[in-house]
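Below is one structure; the comments refer to it alone.
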Amino acid sequence: MSTLEIGKTPAVEHAPPAPASPRTTLKPFHARDIRPDFPILSTTVHGKPLVYLDNAATTQKQRQVIETLDRYYTQQNANIHRGVYTLSQHATDLYEQARKKIQRFINARDSREIIFTRSTTESVNLVASSYGRSRLGTHDEILITAMEHHSNIVPWQIVCEQTGATLRLIPMDDRGDLLLDEYERLLSPRTKFISLVQLSNSLGTINPVQEMIRVARQKTGAPVLIDGAQWVAHFPLDVQKLDADFYAFSGHKLFGPTGIGVLYGKQSLLDSMPPYQGGGDMISSVTFEKTTYNDLPYKSEAGTPNIAGGIGLGAAIDYVQSIGLERMAAYEHELLEYATTRLSEVRNLRIVGTAREKASVLSFVLEGAHPIHPHDIGTILDGEGVAVRTGHHCCQPVMDRFKIPATARASIAAYNTKEEIDALVDAIAKVIEFLG
Ligand code: C6P
């Protein structure tokens, strides 16, 4: 029953987050403790149980998030920051509570430092457009790594085209580890912005971004943005300890809804930046002669936002915190080691990305006398119910660096199991049997 009772606040958003289920508080963590919370994981594909190993693309959603979205649209939907009526004020409260949950989740100093965006992509574009275009010029350099996702390359290329700044690359070795000596060498008074991926979606490399920020502080005054798209679902995050100036991530890779993302920014920087977009909500007053802007965070959030998405992301964060990211990370580490060992045993399979510190991602190619194209691998795996991503993973320069057109990529989340890794390996054996 979904009768709307205005004024009667659903308990879930106002009470402190309850554990997702009593099972999840048991230690040590195992995937079976949370799998029942994800309805899609018990479905079938081509008559086979779904083995979902494309978590770097997007994670599956748990009942708590699905129910939060359902409740929002059936009982709570109204536009926010606009209405004096109860429903609008309640929706506003829920949305702003979600912002505070995110603040606590990443340990930001102030909830005004949390900007809702559409995605990691939009978060990077916001900083590139607003900070990049207004502050950078000819002779300035922007530093990124050689393993960035396109969304942390192209916005900076656009800034370079518009301002005359130059894009510089921190190279990596054949394992997919950054060359940190080169990084230090590249840092100079010309460096005016640094944008680094924390966990590579194509190689699985964990970059030592805290140390890289520390070194940057010694050598330049350049702000540092961290692309945390892949990090947030796997490890705890403390933006103050990290000392990042900006941090970008997407809700949908953190068990939350699509279409909602976050940009964290230090307040002083966000305050000093011109607005990214103009429109409703981001203004304080408008006349045809002059417009003054709203305070943070609203200055950076023009127009009606993804209200349900923000509230749904809050529910996803409640869920993850009720389990504990440290416990999930320990389990995932063990699973990644198991998967690495099992895949390494497959004849003619080469793992692309063997960095010292890795998480979640296993990219591979099948070589030998008859190399098999990753798309063919993906198609046959799909027939076995195994979902992996194939292609360049929005990292074409990484493919060029490793002189390959594409990889097949399995990426794990906390709900994956060793049995699913075995199913992946069995399905790869079928690929080799058919096409090898
Ligand atoms: N990577 C993948 O399959 P969006 O699309 O804005 O939510 O996230 C962009 C993005 C930025 N940085 C990194 C490191 C990423 O992995 C991604 C998204 C997905 O690998 C989709 S291309």
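Indexing begins at 1, ligand by ligand and atom by atom, following the structure's order.
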Interatomic distance, R190 atom CZ to T166 atom OG1 [nearest 0.5 angstrom]: 7.5 Å
Is a salt bridge present between D173 and R175, judged by a nitrogen-to-oxygen distance below 4.0 Å? no
Count the heavy atoms of every other residue, nucleotide or ligand shown that sit under 6.0 Å from CZ of R82, and state whether that count exceeds 12. yes
Report the member of T120, D227, V197 with the shortest heavy-atom distance to atom 13 (C) of ligand 1. D227
Which residue owns the protein heavy atom closest to atom 6 (O) of ligand 1, what's the atom, and how far is it? T121 OG1, 2.5 Å
Between Y338 and K418, is there a cation-pi geometry (under 6.0 Å to ring centre, at most 45° from the normal)? yes
Which bit of S151 gets closer than 4.0 Å to ligand 1, counting heavy atoms only: side chain, backbone, both or neither? side chain
Interatomic spacing from CG in L143 to OG in S195 - rounded to 0.5 Å: 9.5 Å
Is it true that a side-chain atom of E148 and a backbone atom of T145 form a donor plus acceptor pair closer than 3.5 Å? yes
Please classify the H392 to ligand 1 contact at 4.0 Å (heavy-atom distances, strictly less than): side chain, backbone, both or neither. neither
Name the option, out of H252, R389, H393, that contains the heavy atom nearest to atom 22 (S) of ligand 1. R389
Count the heavy atoms of every other residue, nucleotide or ligand shown that sit under 6.0 Å from NE2 of H370, and state whether that count exceeds 12. no
Sub-4.0 Å atoms of ligand 1 with respect to non-hydrogen atoms of S250: 4 (P), 6 (O), 7 (O), 8 (O)
Atom indices of ligand 1, in the order listed, that fall short of 4.0 Å to a heavy atom of C394: 22 (S)
For ligand 1, which atoms have a heavy atom of S119 less than 4.0 angstrom away? 6 (O), 7 (O)
Return yes when N152 approaches ligand 1 closer than 4.0 angstrom through a heavy atom, no otherwise. no
Evaluating non-hydrogen atoms only, which member of K253, E148, Q230 is closest to atom 16 (O) of ligand 1? Q230
Test side chain to side chain donor-acceptor pair (under 3.5 Å) applied to H375 and T390, step by step: CA-CA 6 Å; H375 289 323; T390 57; 2.9 Å; yes
Nearest candidate to atom 10 (C) of ligand 1, where distance is taken over non-hydrogen atoms, out of H149, M147, R118: H149
Heavy atom of H150 under 4.0 Å from ligand 1? no
